[in-house]
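Report on one structure; see the data block that follows.
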Amino acid sequence: MAVSKKLAILMGGDIAVTSELGKGSTFTFTVPAEIPTDTIWVQKEKVSKRRNMRGKNHVPRLHGTVLLAEDNVVNQKLIERILCKSGVDVIIASDGLEVCQVCDDTLPDFVLMDINMPNRNGLEATRYLRRQEYNVPIYALTAEFSKEEIDKTLEAGCNGFLGKPLNKDLLYSAMERHLPKKA
């Protein structure tokens, strides 16, 4: 408990405890947190409401090209299948250098950017794309959920954040915001 309290205080917060004899104790951990005002979040409530209105496992029919930046071959195949179900074309890049080359040659309509890739990581690739003034929606794709990691992705120029393992409903919701529906 002492170590936890010190950590909370170091982060600008605190730990409080309330106890009731025979009932137990409640520990409350608080730390200040700020989210940049221009952050676009996919809200689970909205996704759940949409799913209820459209039925479970709704897959939108979308038009456009999605660049999947992912170095893991198994993840590439899995995410590509999920993306293709929506009707989009998929380009796969295995590292950040390839991402930049693809965007220089043919700018996609949407980018899913793995953060931890070889040769040029996702943050460096995103910064490059923003320096080139490419206005394509970029969503970070990573298993790291700390505030520091999320802040790094947003500062690099990502429009949003999707976690691994990938939640299909959150992915489709983000894509629907940026890609046109198929007629």
Side-chain angles (χ1 to χ4, degrees), residues 35-96 98-117 121-123 125-130 132-145 149-183:
I35 298 173
T37 55
D38 61 343
T39 301
I40 298 172
W41 293 98
V42 178
Q43 297 174 344
K44 289 182 180 181
E45 300 93 34
K46 289 181 182 177
V47 172
S48 296
K49 286 178 187 175
R50 273 193 227 120
R51 186 184 333 167
N52 290 340
M53 291 185 327
R54 296 183 292 202
K56 189 174 172 119
N57 298 324
H58 168 75
V59 179
R61 300 296 302 154
L62 301 171
H63 178 71
T65 301
V66 175
L67 172 58
L68 170 60
E70 171 63 59
D71 62 318
N72 181 295
V73 177
V74 173
N75 288 346
Q76 287 175 358
K77 298 296 180 199
L78 178 66
I79 297 169
E80 181 181 27
R81 270 184 81 184
I82 292 168
L83 292 168
C84 286
K85 286 181 181 180
S86 72
V88 299
D89 296 318
V90 180
I91 300 170
I92 297 175
S94 297
D95 65 39
E98 196 175 339
V99 167
C100 297
Q101 185 64 52
V102 167
C103 290
D104 286 342
D105 293 343
T106 307
L107 192 63
D109 301 298
F110 190 89
V111 177
L112 282 176
M113 182 76 75
D114 183 17
I115 298 304
N116 296 312
M117 293 186 293
N121 69 37
L123 296 177
T126 299
R127 285 187 198 102
Y128 172 85
L129 298 178
R130 295 308 185 214
Q132 300 304 312
E133 298 183 9
Y134 296 143
N135 196 23
V136 60
I138 303 172
Y139 277 71
L141 189 59
T142 183
E144 299 179 36
F145 291 96
E149 290 302 315
I150 292 171
D151 287 347
K152 284 181 187 177
T153 64
L154 298 173
E155 288 168 10
C158 290
N159 298 84
F161 181 90
L162 294 165
K164 290 181 184 177
L166 187 61
N167 179 313
K168 291 187 288 190
D169 291 330
L170 296 177
L171 170 63
Y172 289 146
S173 178
M175 290 170 59
E176 282 182 297
R177 239 186 278 132
H178 298 284
L179 297 174
K181 292 191 186 317
K182 275 192 176 177

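Basis for what follows: all heavy atoms, side chains included, without hydrogens, waters or symmetry-related copies. This structure is a prediction, so every number in the text was calculated from the model and none was measured.
- Between Thr65 and Leu67, the closest side-chain pair of non-hydrogen atoms is not below 4.5 Å.
- Not counting sequence neighbours, the partners of Asp105 by the side chain to side chain donor-acceptor pair (under 3.5 Å) test are Gln101.
- When the side chain to side chain donor-acceptor pair (under 3.5 Å) test is applied to Asp95, the partners found at least two apart in sequence or on another chain are Asn119.
- Ring planes of Tyr139 and His178: perpendicular class, angle over 60° (limits at 30 and 60°).
- Here side-chain hydrogen bond (donor to acceptor under 3.5 Å, both in side chains) pairs that include residues 82-94, with residues two or more places apart or in two chains, are Gln76-Ser94.
- Within the 4.5 Å cutoff, the side chain of Val99 has heavy atoms near those of the Leu129 side chain.
- For Ala140, the side chain to side chain contact (heavy atoms under 4.5 Å, CB included) test picks out Ile115, Thr153, Cys158, Phe161, with sequence neighbours left out.
- In this view, Glu144 and Asn116, Thr142, Glu149 satisfy the side chain to side chain contact (heavy atoms under 4.5 Å, CB included) rule, not counting sequence neighbours.
- The salt bridge (charged side-chain N to carboxylate O under 4.0 Å, His left out) contacts involving residues 62-83 comprise Glu70-Lys164, where partners must be two or more places apart or lie in separate chains.
- Side-chain contact between Leu83 and Leu171: present, with at least one pair of heavy atoms (C-beta onward) separated by less than 4.5 Å.
- Side-chain contact between Leu179 and Val66 is present, with heavy atoms from C-beta onward closer than 4.5 Å.
- Residue pairs meeting the salt bridge (charged side-chain N to carboxylate O under 4.0 Å, His left out) criterion with at least one member in residues 58-68, sequence neighbours excluded, do not occur.
- Arg127 pairs by the side chain to side chain donor-acceptor pair (under 3.5 Å) definition with nothing, not counting sequence neighbours.
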